[in-house]
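Lettering of chains follows the sequences in order, A, B, ..., and the numbering in each one begins at 1.
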Number of protein chains: 6
Amino acid sequence: MRRAVFPGSFNPVHMGHLDIIKRAVRVFDEVVVAVYENPPGKQIIFDTHERVALLEEAVKDIPHVVVASYRGLTVDYVTAVDAFILIRGMRVFSDFEFEFRMALANQRLAPHIEMINFITGEQFIHISSSTVREIAMLGGDVSTMVPPHVNRALRERFAQLQAEDGI
Amino acid sequence: MRRAVFPGSFNPVHMGHLDIIKRAVRVFDEVVVAVYENPPGKQIIFDTHERVALLEEAVKDIPHVVVASYRGLTVDYVTAVDAFILIRGMRVFSDFEFEFRMALANQRLAPHIEMINFITGEQFIHISSSTVREIAMLGGDVSTMVPPHVNRALRERFAQLQAEDGI
Amino acid sequence: MRRAVFPGSFNPVHMGHLDIIKRAVRVFDEVVVAVYENPPGKQIIFDTHERVALLEEAVKDIPHVVVASYRGLTVDYVTAVDAFILIRGMRVFSDFEFEFRMALANQRLAPHIEMINFITGEQFIHISSSTVREIAMLGGDVSTMVPPHVNRALRERFAQLQAEDGI
Amino acid sequence: MRRAVFPGSFNPVHMGHLDIIKRAVRVFDEVVVAVYENPPGKQIIFDTHERVALLEEAVKDIPHVVVASYRGLTVDYVTAVDAFILIRGMRVFSDFEFEFRMALANQRLAPHIEMINFITGEQFIHISSSTVREIAMLGGDVSTMVPPHVNRALRERFAQLQAEDGI
Amino acid sequence: MRRAVFPGSFNPVHMGHLDIIKRAVRVFDEVVVAVYENPPGKQIIFDTHERVALLEEAVKDIPHVVVASYRGLTVDYVTAVDAFILIRGMRVFSDFEFEFRMALANQRLAPHIEMINFITGEQFIHISSSTVREIAMLGGDVSTMVPPHVNRALRERFAQLQAEDGI
Amino acid sequence: MRRAVFPGSFNPVHMGHLDIIKRAVRVFDEVVVAVYENPPGKQIIFDTHERVALLEEAVKDIPHVVVASYRGLTVDYVTAVDAFILIRGMRVFSDFEFEFRMALANQRLAPHIEMINFITGEQFIHISSSTVREIAMLGGDVSTMVPPHVNRALRERFAQLQAEDGI
């Protein structure tokens, strides 16, 4: 069985992530969507449990997909779940730059792990988690960028944050 | 069975190609290495039969690899051999640009085909078929860039071309 | 009146060009679509008259658009038609590189001319004239990339070329 | 009347911004220079009122330019001031990347808004607000990068900050 | 005598830095490795004295190399030590972008200073100080990326930080 | 003595080349400007003797500069003239890409040779030999891009080519 791991912050999960997941399950036998618990330097709007729950709801109709969370080195996690394939999505040029450096570093750290890149579909190029967060925070409409339940969660979270700010 | 197609001009096959092929057979059940017969605008130094023969010799010890040649649209060939996975290698930034445009075009032409990118290993970044041809043509040493039988074929071909030029 | 010139080879005109033209007429008072007669180093499949005719048919329902052809320096042509705005489209990274160099050179050659860039819509990123030519030449379907009359012209042209080749 | 909005942090306004503004008023009927009030993640050295005042002084001799401030989504502000043209400057490659993603997102959020990019003049490529801030903070000379009154304001601000730090 | 300055945060020094230093001493008469004291916005894991000490140990067998620390504008420091050559390493595309902007700014600030770029060796492309820090922090093995004494210092520092965190 | 080689087609020499040469003689003891005799795939408008003569005239007032021509691998020529430093200029992003690949290949072919990159001055970014050729061929003014004697040679050459074409 070829198990592949798709790691990320999923902060929050969006349509571009789901596109990669759907395409990956056609190519591999099982896809583990792995939520990175404490991504350094990122503004986390949902905690690990919330991010896992939002993902589980989003992939509940896609067979052969498992959601989990992890900490530590990604290549160590891939090995720990008996996988050797690491899935990455690329939307734009700076993604390539990052993936290129990570691929070279991973080949040194864990040469048995195979990193595989999917280029995002054109209708998802404009979507990133940070774009979703920024637009949602400013009250913009992200309903075409995330699944409905993530849209609701974003609205509740930002309403709550504004209430706390006394605005 | 998940069959994947790795298309290219292989003009000539080099160590970077073989790295992708070896990594791809770990990930898929069968890899069809497909030689594009008449790549437009390329200086072809070996004809289709020679390129297929050089490849067959190069992969003869790698199981689950088939060498073939094709003409026409690549996505049509992938479908014709009952595959849906298209393998591509990326070495540098301009490769990403090309792959990005091709991925978007292929998603329109043949949405059922999945294009998958491998980032080359660091020891192969400097190798491309055109670099090999240029160095070999100027009498430089490409023995670390191509398998021994390709190195011999290049030397014979360029010796022959120089003899024809009366140099 | 603010007249703008949109120069190009239009070899052939495609949906991405038409998107830029439609957007430009909202922003300027008149758009001159200027067909470059003899682009160096390009494989021209339609002659200047054909390219102008295909464009005129394509823009016949868009008001305030004029089609013309020119030779010589583009900035000289812009000045000659009493315009000072030069429109350019950008799809991908290498387009930016080219536009960047051209913008700097034009600022030296003709500082009174203003070069303005439109970023292509996401559904047109995958379309370029060379992609259209390559796919059409190999018998692929470009009906979503070009207007119907251009699609017909391409099919006739490549059928004719194949007949001449005796294939 | 074609009104265009040129949004930014202007933290602080520099010669490159003024170049875009001067070029934009030749192309459009009115240019609204819109100061973004609370850009997230930026080290703001002048508050909104100061940034507006520095800009107003800088553009006081350029006709058809209005300075204002805004919060919320940029595309909402453009619509609110009865404009449909959004002006952006591009200096370097990573600017293109950012503009590309923003253009695609804006086409989804507000398809009636036209985003138009100017490539900076070569004598301004080296200038960015962050470069100006860093050099000024280290006591370097930015007199060729910003108007004289901005240079004075920067020197006063950093002298004040150093005094507060007890240096 | 041609003295060159190689400035950086060296946070921490790694094999890629040492490669540049070794190559630079072949080309220039003396190389001053200059540790920037308070790089803004960087997570500093070793203070200036520690970074200088780690560097001195690392270069102790390379003749004609001096280690020092500085604050303020880099071009001012280069002039202060009677040098006019500024050495920079480039690994990847975004490095070029940064170097390009810095080169243009420096040519304005200090036209007598010559900035010279070395492209990193292929076995060092995957190494950056931030990659080293991230992998070391997560308990990964960086022994092939930094000299042994830096590896020890990193392990002690992160063990200490985890103890302080009560983990 | 540190001798450096600055190789190129110099087809024709332009102000950007001269900027690199002037900066290189400040850094090295001698600069050999090496004209590549038969660059493949380039439209050569001046033969090797003409290109050498135009260069010699252009550098005649710069001390410690020698002009020569060569064929074969550049790294072999560098070694043959007792040099170990290879100078390259970089103007734009695609130059970096090319230099990056060439640097990695050269480190394999000739590890004792040090390749050193200068980033072009901002007033020369828009100048390349191909831009000069294209503008001159279309009758545009290149007097700010090349030395006066090269400008004269270009005008004579294109007048002659047009006469031969019977235009």
Side-chain angles (χ1 to χ4, degrees), chain A residues 1-6 15-16 19-31 64 75 78-79 82-126, chain B residues 1-6 15-16 19-31 64 75 78-79 82-126:
Chain A
M1 198 192 68
R2 290 198 180 87
R3 177 180 289 142
V5 174
F6 181 35
M15 296 305 202
D19 175 55
I20 302 290
I21 294 169
K22 282 173 197 158
R23 291 159 60 191
V25 290
R26 289 183 65 221
V27 176
F28 303 109
D29 297 306
E30 189 182 279
V31 174
H64 309 301
V75 290
V78 174
T79 307
D82 250 338
F84 70 95
I85 297 165
L86 187 54
I87 295 172
R88 306 284 310 174
M90 287 196 300
R91 285 172 311 119
V92 280
F93 209 85
S94 56
D95 286 353
F96 171 71
E97 167 101 7
F98 183 82
E99 298 303 319
F100 179 74
R101 286 194 286 181
M102 189 199 282
L104 298 194
N106 279 350
Q107 285 168 11
R108 291 277 177 142
L109 284 173
H112 62 287
I113 287 182
E114 199 51 71
M115 197 173 127
I116 277 182
N117 297 82
F118 289 76
I119 292 177
T120 198
E122 73 189 14
Q123 68 271 45
F124 306 113
I125 295 171
H126 67 294
Chain B
M1 197 192 70
R2 290 198 180 87
R3 177 180 288 142
V5 174
F6 181 34
M15 295 306 201
D19 174 56
I20 302 289
I21 293 169
K22 282 173 198 160
R23 291 159 60 189
V25 289
R26 290 185 64 222
V27 177
F28 304 108
D29 298 306
E30 190 181 281
V31 173
H64 308 301
V75 290
V78 174
T79 307
D82 249 337
F84 71 94
I85 298 165
L86 187 54
I87 294 173
R88 304 284 311 174
M90 288 195 300
R91 284 173 310 121
V92 281
F93 318 98
S94 57
D95 285 354
F96 171 71
E97 168 101 6
F98 185 82
E99 298 304 319
F100 179 75
R101 286 193 286 183
M102 189 199 281
L104 298 193
N106 279 349
Q107 285 168 11
R108 291 279 176 139
L109 283 172
H112 62 287
I113 287 182
E114 200 50 70
M115 196 173 128
I116 277 182
N117 297 84
F118 289 76
I119 292 178
T120 198
E122 73 189 13
Q123 68 270 47
F124 306 114
I125 295 171
H126 67 294

* To do: Not counting sequence neighbours, list each pair that qualifies as a side-chain hydrogen bond (donor to acceptor under 3.5 Å, both in side chains) and has a residue in residues 82-91 of chain A.
  => A/Arg88-A/Glu99
* Could you list the residues that satisfy ring-ring contact (aromatic ring centres under 6.0 Å, His included) with B/Phe6, not counting sequence neighbours? => B/Phe10
Looking only at non-hydrogen atoms, find the nearest pair between [X] and [Y] and report the distance.
X        : Y        : result
A/Arg3   : A/Met1   : NH2-CE, 3.3 Å
A/Asp19  : A/Gly121 : OD2-N, 3.6 Å
A/Leu104 : B/Thr120 : CD2-O, 3.7 Å

* Asked: Are any non-hydrogen side-chain atoms of B/Ile20 and B/Ile87 less than 4.5 angstrom apart?
  -> yes
Nearest 0.5 angstrom please: [X] [atom1] to [Y] [atom2], how far?
X        : Y        : atom1 : atom2 : answer
B/Ile21  : B/Phe118 : CD1   : CZ    : 11.0 Å
A/Leu86  : A/Asn106 : CG    : CG    : 6.0 Å
B/Ile116 : A/Ile119 : CD1   : CD1   : 11.0 Å
B/Phe124 : B/His126 : CZ    : NE2   : 9.0 Å

* **Segment of B/Gln107 engaging chain A (4.5 angstrom heavy-atom cut-off)** => side chain
* Asked: Can you pull out the residues in residues 108-115 of chain A with any heavy atom less than 4.5 Å from chain B?
  -> A/Arg108, A/His112, A/Glu114, A/Met115
* **Close contacts, residues 23-30 of chain B versus chain A, judged by heavy atoms under 4.5 Å** => B/Arg23, B/Val25, B/Arg26, B/Val27, B/Phe28, B/Asp29
